[in-house]
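Inspection log for the structure reproduced underneath, given as structure tokens.
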Amino acid sequence: MTQGAPGPDVALLDYEMSNLRSVGKALERLGARVRVAARPSEAVGCDCIVLPGVGRFGAAMERLSDHGFTGMLRDEAAAGTPVLGICLGLQLLFDESEESPDTPGLGLIGGRVERLRTDRKVPHIGWSEVTWAPGSALAPPDGGPAERTYYFVHSYVCVPTDPGDTLGTAVHGTPFVAAAGRGSVSGLQFHPEKSSTAGLALLGRWLESVRAGMAVTT
Amino acid sequence: MIRVIPCLDVDRGRVVKGVNFIDIRDAGDPVELAARYDAAGADELVFLDITATHEERDTIINLVERTAEEVFIPFTIGGGLRTEDDIRAVLAAGADKISLNSAAVRDPDLVERAAMRFGDQCIVVAIDAKRRADGSGWEVYLAGGRVETGLEAVAWASEAVRRGAGELLVTSMDRDGTQAGFDIDLLAAITDATTVPVIASGGAGTLEHFAQAVTHGHADAVLAASVFHDGVYTVGEVKAAMARDGVAVRR
């Protein structure tokens, strides 16, 4: 298991749209100091931000806003603070979603979220192998397919306007974006905290990139 | 990829039925076993709480919390969940999904309410079915086969999905415990009639059985208890056999 230096300080955003326990425990196991933040003041001074999320896009944006996080996330992203969205948390980073057309997203990555159109079963529940963009800081340095295989549960997929924002793709009948990022902001469609050693290693690499103070983009 | 899912029977917070891991400290501790199955390559876990009394619910919440802290693969809790509050408590404690069986049959509206409130993806409906003697499909049973419901399994599966079940866990009571193989006809009938992932359960005996549930029964996941607990096969052996038969698995 990846076990780096202690820290960084992670603000784990609690806006009542996910179970934080698994994400928090996975980060702690990797040496991060996790602060569960239910309002922006509780996240002040953190090194990075994790935005988890399960549920519907529109409801999630409303709750993010209620908790005062939408402005904070935009400010922190503009300031170069690393932000990692997980599952719905990735989708919220985009401009808009077909799931809730009347509710704008955070707009930190250009593009929209669309229904996963495939001849396979939806929701896509299960493990899929991710093909990482060359040079992505999140990509496993080596290892077999199991090191690149993660657990997905989703019915919608992100479509970045700039293809360069796609960090990784997977296939469920049709190819889709499994990870995306722009500047210091990145996100994962799968659940690294539920993806066994491969997922923990990935979170470890993200924390490492935060420690190194670099942006997680290709 | 097709998921391989060990199922652990839990009674009052302890695993019942023998579990055969070398070098294990406490064979009755669900969390230690869950971590072992994670390390062995299990894609997911199901804990079936067979605790009879409602008063023991705190024990299962404690189990869920400890599992969520130490095991980093998805897990489902089934057994004894009757109300939205029961479901909320288990999900809030860290379970990824919950499985409804008797409660869904007795109150089908519960499936709808739970799916609306918590999302389809975390609501599994478990169906225990037995072939009807007159050939009119499969009868749905409750309480481990003691209660006949009058429901036909394929029709009930369709209704459960219509009401919001995100996944179905289909156990053949004819095959459960026989090691004669999954009931392919039952699986195929349900997978063909529904649109959500189906977990095949009941009857795994040989390595070939697992792939058959997928290639012939069109299942999306295979679940077994005794072949894993008794040490007959490891998760790795099952996956290797499935891969040999052309089924994509995580290895």
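Computed from heavy atoms alone, side chains included, the values below leave out hydrogens, waters and symmetry copies. Proteins come first, then strands; the chains are lettered A, B, ... in the order of their sequence lines, and each starts at number 1.
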Distance in Å, [X] [atom1] paired with [Y] [atom2], rounded so as to fall on 0.5 Å steps:
{"X": "A/K25", "Y": "B/E65", "atom1": "NZ", "atom2": "CD", "result": "10.0 Å"}
{"X": "B/R251", "Y": "A/W127", "atom1": "CZ", "atom2": "CH2", "result": "15.5 Å"}
{"X": "B/D43", "Y": "A/K194", "atom1": "CG", "atom2": "NZ", "result": "13.5 Å"}
{"X": "B/T191", "Y": "A/K121", "atom1": "OG1", "atom2": "NZ", "result": "5.5 Å"}
{"X": "B/R250", "Y": "A/Y151", "atom1": "CZ", "atom2": "OH", "result": "11.0 Å"}

Any idea which of [options] has the most non-hydrogen atom pairs under 4.5 angstrom with chain A?
{"options": "B/V71, B/D120, B/T194, B/D220", "value": "B/D220"}
{"options": "B/A42, B/A93, B/A221", "value": "B/A93"}
{"options": "B/E167, B/E69, B/Q121, B/E44", "value": "B/E69"}
{"options": "B/G166, B/P74, B/A39", "value": "B/P74"}

Quick check: closest heavy atoms across [X] and [Y], and the distance to 0.1 Å?
{"X": "A/S22", "Y": "B/F72", "value": "O-CE2, 4.0 Å"}
{"X": "A/S196", "Y": "B/I73", "value": "CB-CG2, 3.8 Å"}
{"X": "A/P123", "Y": "B/P197", "value": "O-CG, 4.2 Å"}
{"X": "B/A68", "Y": "A/R21", "value": "CB-CD, 3.7 Å"}

Next item on the list: May I ask you to name which of A/L20, A/T149, A/V54 has the most heavy-atom pairs under 4.5 Å with chain B?
Entry: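 Sorted descending by pairs with chain B, the first entry is A/T149.
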Item checked: Counterpart residues, side-chain hydrogen bond (donor to acceptor under 3.5 Å, both in side chains), relative to A/R33 (two or more places apart) -> A/D9
Checklist line | chain A contact via B/D96 - which portion, at a heavy-atom distance below 4.5 Å | finding: side chain
Check: Which region of B/I2, side chain (C-beta onward) or backbone (N, CA, C, O), has a non-hydrogen atom less than 4.5 Å from a non-hydrogen atom of chain A, or is it both or neither?
Finding: neither
Checklist line | Test ring pair (Phe, Tyr, Trp, His ring centres under 6.0 Å) applied to B/W138 - qualifying residues, sequence neighbours left out | finding: none
Item checked: Other residues, nucleotides, ligands: >12 heavy atoms within 6.0 Å of A/R112 CZ ->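 Correct, the count exceeds 12.
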